Amino acid sequence: VTYKIGLLGLGTVGTGVASILLDPAGRNHLLKEIEIKQVGVRSLTKTRTVTLAEHYYTDDLVAIVNDPDIDVVVEVMGGIEPAKSLVLKAIANGKHIVTANKALLARHGDEIFTAAKATGVYVMLEASVCGGIPIVQALKQSLGANRISGLTGIINGTTNYILTRMHAAGESFESILADAQKLGYAEADPSADVDGFDAADKIAILASLAFGDRIKLGDIYREGISGITNTDIAAATELGFVIKLLAIARRAQTDTQNSSLDIRVHPTLVPKHHPLASINGVTNAIRVEGDPIGEVVFSGPGAGSGATASAVVADILSVVASLKAGQQINQLMGCNHQHYASVQPIKHTVNQFYVRFITRNQPGVIGDLGTCFGKHGVSLESVLQKPVLLKTSQDVANEELAEVVIVTQKVAEGNFYAAIAEINNLPSLHKIPTVIRIL
Ligand SMILES: NC(=O)c1ccc[n+]([C@@H]2O[C@H](COP(=O)([O-])OP(=O)(O)OC[C@H]3O[C@@H](n4cnc5c(N)ncnc54)[C@H](OP(=O)(O)O)[C@@H]3O)[C@@H](O)[C@H]2O)c1
């Protein structure tokens with residue numbers, strides 16, 4: 001008996017999956033009992049890099065999810081529709097699902113998991129978050145004994161690649177982004193990565209696994225990296241930090257009931273000795289804190305054909321092993337969340353801030369800033385004042401303006417922004433180019 005796979009999509013990830021399934025030697029022996037029955041694609045004439053006879057291909061993806069011979073549908077086509085309808089149809093037909101589609105799960109996970117529960121099938125999603133890093137399995141099973149208190153991750157390779165290069169070479173955000181697009185690290189429309197949408201999808205999935213509740217994507221605070229300049233990178237470095245786009249999910253610290261979550265994606269100043277500060281390039285990493293484990297850090301390739309396929313095929317193996325054992329649904333492999341988590345609005349959180357001001361170059365400016373902050377209970381940790389260089393020359397200072405970088409102590413966001421509102425009205429202020437939270 002062999003277990004039959006219907007593959008929806010043969011692009012970057014699908015090709016990696018097919019390559020592993022067609023070459024089982026030296027891998028898990030169970031792979032010899034798994035075979036591809038059919039591959040659904042958009043174009044039947046495209047040249048493919050895997051060798052599969054013509055009869056494997058179809059552009060009728062509905063036929064795949066209706067094929068009674070197929071045990072597991074592997075959805076690696078991406079997008080919301082028709083992926084969503086195909087997955088729901090496959091579930092209704094009693095097929096198990098393995099998917100890499102974070103966008104679909106973060107938006108329609110509730111409907112998909114409810115349907116899967118009703119028909120008693122698995123929806124496996126290891127590949128949907130952080131490619132090859134086995135974080136989903138870790139949260140569902142290996143760390144299952146822990147009370148998880150927080151997840152902190154670099155879970156978008158594109159933005160980490162851009163920020164790493166800004167730190168290393170002082171190149172501008174725009175020129176590195178253009179390069180990343182040429183190298184295939186960034187999409188033609190970079191918004192999903194650069195504006196933090198992709199990281200928000202992933203942290204929604206991870207938070208729901210870690211904390212056992214469903215997460216509404218709209219509840220997640222999200223800020224991207226396009227406002228980060230080389231001036232901020234230089235100032236952060238001088239202060240002993242590295243700027244990273246972090247995705248954070250933790251029990252809300254200001255909530256005494258401890259019943260709500262604090263989930264956000266934003267650029268963050270990370271102390272340079274923190275384990276996440278040295279995660280560079282397209283590498284992903286996630287730090288998990290729990291009781292009694294303390295802290296574990298997972299890192300590795302967050303995307304790419306082989307790495308993502310490694311996660312997809314591991315999920316196929318888990319499903320097949322469970323089917324072979326004749327098990328009912330193994331609870332540790334499923335998702336049984338019923339309720340939505342309460343997520344704390346960012347304005348109710350407590351954070352430490354880095355703020356860069358451009359002020360008029362006149363006496364008393366720092367005093368004015370200090371007075372506004374003091375009035376709203378914001379204590380300052382450090383103040384750095386620098387000349388502002390003229391755009392036309394690297395070395396000539398603009399006599400009229402000064403740059404002031406302030407690092408606050410931890411403060412309620414409400415108080416901090418009340419002070420900023422007042423500072424915005426100071427005649428000595430020119431502008432506030434950047435505000436970045438500190439880890
Ligand atoms: N790439 C990564 O490193 C990575 C990492 C983690 C997760 N993922 C996720 O994995 C999924 C797939 O990504 P990918 O990079 O492999 O995408 P991709 O290279 O664009 O491949 C998509 C595949 O699906 C097929 N397809 C798409 N829409 C179709 C439709 N309407 N009808 C029939 N076939 C259709 C395409 O057919 P044709 O070949 O005929 O065009 C192609 O084979 C996405 O959900 C993505 O978010 C990707």
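This one's a predicted model, so the numbers in the text were calculated from it and none came from an experiment. Counting convention: from 1, in listed order, for ligands and their atoms alike.
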Counting only heavy atoms not in E81, do more than 12 fall under 6.0 Å of its CD? yes
Option whose closest heavy atom lies nearest to atom 5 (C) of ligand 1, chosen from T99, T308, V282: T308
Has ligand 1 got any nitrogen or oxygen that is less than 3.5 angstrom from a nitrogen or oxygen of G9? no
Do other residues, nucleotides or ligands put more than 12 heavy atoms under 6.0 Å from E187 CD? no
Using a 4.5 Å cut-off on heavy atoms from C-beta on, say whether the side chain of Y221 contacts that of T349. no
Please check whether S305 reaches ligand 1 - meaning an N/O of the residue sits under 3.5 Å from an N/O of the ligand, judged on distance alone. no
Subset of ligand 1 atoms that lie under 4.0 Å from at least one heavy atom of A127: 6 (C), 7 (C)
for atom 45 (O) of ligand 1, nearest protein heavy atom and its distance come out as G78 CA, 3.2 Å
How far is atom 48 (C) of ligand 1 from its nearest protein heavy atom, and which residue and atom is that? V13 CG2, 3.5 Å
Can you give me the closest heavy-atom contact between I215 and A204, atom names plus distance? CG1-O, 3.5 Å
Taking distance alone, with N or O pairs closer than 3.5 Å, would you say L10 contacts ligand 1? yes
Of all heavy-atom pairs linking I243 and H167, the shortest is N-NE2, 2.9 Å
Has ligand 1 got any nitrogen or oxygen that is less than 3.5 angstrom from a nitrogen or oxygen of G79? no
Taking the inter-plane angle between the rings of F353 and Y417 on a 0 to 90° scale, is it parallel (under 30°), tilted (30 to 60°) or perpendicular (over 60°)? perpendicular
Could you check whether atom 38 (P) of ligand 1 has a protein contact, counting only heavy atoms that fall below 4.0 angstrom? yes
Identify, for atom 21 (O) of ligand 1, the protein heavy atom at the shortest distance, and state residue, atom and that distance. G11 CA, 3.2 Å
Residues N66 and N93: side-chain donor-acceptor under 3.5 angstrom: yes
Please tell me if the side chains of T12 and T308 come closer than 4.5 Å, counting only heavy atoms from C-beta onward. no
Among E187, M77, K46, which one has a heavy atom closest to atom 26 (N) of ligand 1? M77
Atom 10 (O) of ligand 1 - nearest protein heavy atom and its distance: A100 CB, 3.4 Å
Touching ligand 1 at all, E75? Heavy atoms, strictly under 4.0 Å? no
Among all protein heavy atoms, pick out the one at the shortest distance from atom 28 (N) of ligand 1; state its residue, atom name and that distance to 0.1 Å. R42 NH2, 3.0 Å
What part of L104, side chain from CB on, backbone N/CA/C/O, both or neither, has a heavy atom under 4.0 Å from ligand 1? neither
Please confirm whether G304 comes under 4.0 Å of ligand 1, counting heavy atoms of the residue only. yes
Is any side-chain heavy atom of L44 less than 4.5 Å from a side-chain heavy atom of V41? yes
Taking only non-hydrogen atoms of P82 and a 4.0 Å limit, the atoms of ligand 1 in range are 31 (N)
Considering only protein heavy atoms, which is closest to atom 12 (C) of ligand 1, and at what distance to one decimal place? V76 O, 3.3 Å
Decide yes or no for R48 and K46: does some side-chain heavy atom of the first lie under 4.5 Å from some side-chain heavy atom of the second? yes
The closest protein heavy-atom partner of atom 40 (O) of ligand 1 is S43 N, 2.7 Å
Stepwise side chain to side chain donor-acceptor pair (under 3.5 Å) check, Y340 with D110: CA-CA 10 Å; Y340 283 93; D110 47 0; 2.6 Å; yes
Can R222 be said to sit on top of F197's aromatic six-ring, NZ or CZ under 6.0 Å from centre and within 45° of the ring axis? yes
Ligand 1 atoms in contact with A303 (distance to a heavy atom under 4.0 Å): 3 (O)
for atom 19 (O) of ligand 1, nearest protein heavy atom and its distance come out as T12 N, 2.9 Å
Donor-acceptor side-chain pairing of T229 and D232 below 3.5 angstrom: yes
